[in-house]
Amino acid sequence: MTDKLWEDLKEELMLGVTQKGHPFRFCTFASVETKNSPQMRTVVLRHISAELNPIFYTDKRSQKVLEIKKNNKASLLFYNPEKLLQIKIVGRASALNDPQRIKGLWAEVPENNKKDYTTHLAPGTFIDNPDEVEYLADKNYFCPVEIEPHKIEYLKLKRPNHIRASFLKENGSWEGKFMVP
Ligand SMILES: Cc1cc2nc3c(=O)[nH]c(=O)nc-3n(C[C@H](O)[C@H](O)[C@H](O)COP(=O)(O)O)c2cc1C
């Protein structure tokens, strides 16, 4: 019975990567900082594998990367306002470490966007003037982050009944159950 929802959520997540302007392109990545408080920020969904492992890109010096190195528990939240559909992915986040794979992904980043990962000073450093950020020509801090999910929650608001379901990955396969919304 939850199969249809599973197909629906998979399709929406794929569209987030492939369809221009799809609301799932932007999602909220939550991690836990060292003092155990939650941290959230918007990121761009760049890839999603057949196993539904999402990937976003960041700077390896960013707070989020430092956080997931200490505590890899993380969530990604997606919302489609046209469909009133929310998807929450819960799992373990890690920075990719296969140099060949990182090289391949880096080669696909449009030239104009590459500078986002080449600031001289680390992201979050206080500066006097936003127009005086220096970029490095010969070095980058490009860091793809992958989330390996173990739980995915689906919620669709609609009348007469909202639909909520939880999918858990056990022994490699996903099991879905409806929930009270
Ligand atoms: C529309 C939008 C898209 C963003 N996409 C990304 C992204 O893909 N990767 C990223 O590292 N930061 C992205 N950011 C910036 C983050 O939200 C965040 O401010 C920054 O990465 C610093 O986060 P941190 O200090 O928690 O690591 C985006 C911000 C906005 C407003």
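When a ligand or atom number is given, it counts from 1 through the structure's own listing order.
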Undergrad: Number the atoms of ligand 1 from 1 as they appear, then name those within less than 4.0 Å of a heavy atom of V43, with their elements.
TA: 5 (N), 6 (C), 7 (C), 8 (O), 9 (N)
Undergrad: Which residue owns the protein heavy atom closest to atom 12 (N) of ligand 1, what's the atom, and how far is it?
TA: T42 O, 4.0 Å
Undergrad: Between S62 and R41, does any side-chain donor sit less than 3.5 Å from a side-chain acceptor?
TA: no
Undergrad: Would you mind checking which non-hydrogen protein atom is closest to atom 27 (O) of ligand 1, with the distance to 0.1 Å?
TA: K64 NZ, 2.8 Å
Undergrad: Check whether any N or O atom of D59, backbone or side chain, sits under 3.5 Å from an N or O atom of ligand 1, and answer yes or no.
TA: no
Undergrad: Applying salt bridge (charged side-chain N to carboxylate O under 4.0 Å, His left out), run through K69 and E33 and close with a yes or a no.
TA: CA-CA 10 Å; K69 279 187 178 153; E33 58 112 87; over 6 Å; no
Undergrad: So which protein heavy atom does atom 11 (O) of ligand 1 come closest to, and at what separation?
TA: T58 OG1, 2.6 Å
Undergrad: Tell me yes or no: between the side chains of K151 and S166, is some donor less than 3.5 Å from an acceptor?
TA: no
Undergrad: Looking only at protein heavy atoms, which one is nearest to atom 8 (O) of ligand 1, and how far off is it?
TA: V44 N, 2.9 Å
Undergrad: Measure the distance from atom 9 (N) of ligand 1 to every protein heavy atom, then report the residue, atom name and distance (to 0.1 Å) of the closest one.
TA: Y57 O, 2.8 Å
Undergrad: Is the terminal nitrogen or CZ of R61 (NZ for Lys, CZ for Arg) located under 6.0 angstrom from the six-membered ring centre of Y141 and within 45° of that ring's axis?
TA: yes
Undergrad: T18 side chain to M14 main-chain N or O, any donor-acceptor pair under 3.5 Å?
TA: yes
Undergrad: Could you tell me whether atom 19 (O) of ligand 1 has a protein heavy atom closer than 4.0 Å?
TA: no
Undergrad: Tell me if the aromatic rings of F142 and W106 count as close, with their centers under 6.0 Å from one another.
TA: yes
Undergrad: Any chance the side chains of Y154 and D8 put a donor and an acceptor closer than 3.5 Å?
TA: yes
Undergrad: Would you mind checking which non-hydrogen protein atom is closest to atom 25 (O) of ligand 1, with the distance to 0.1 Å?
TA: Q63 CB, 3.5 Å
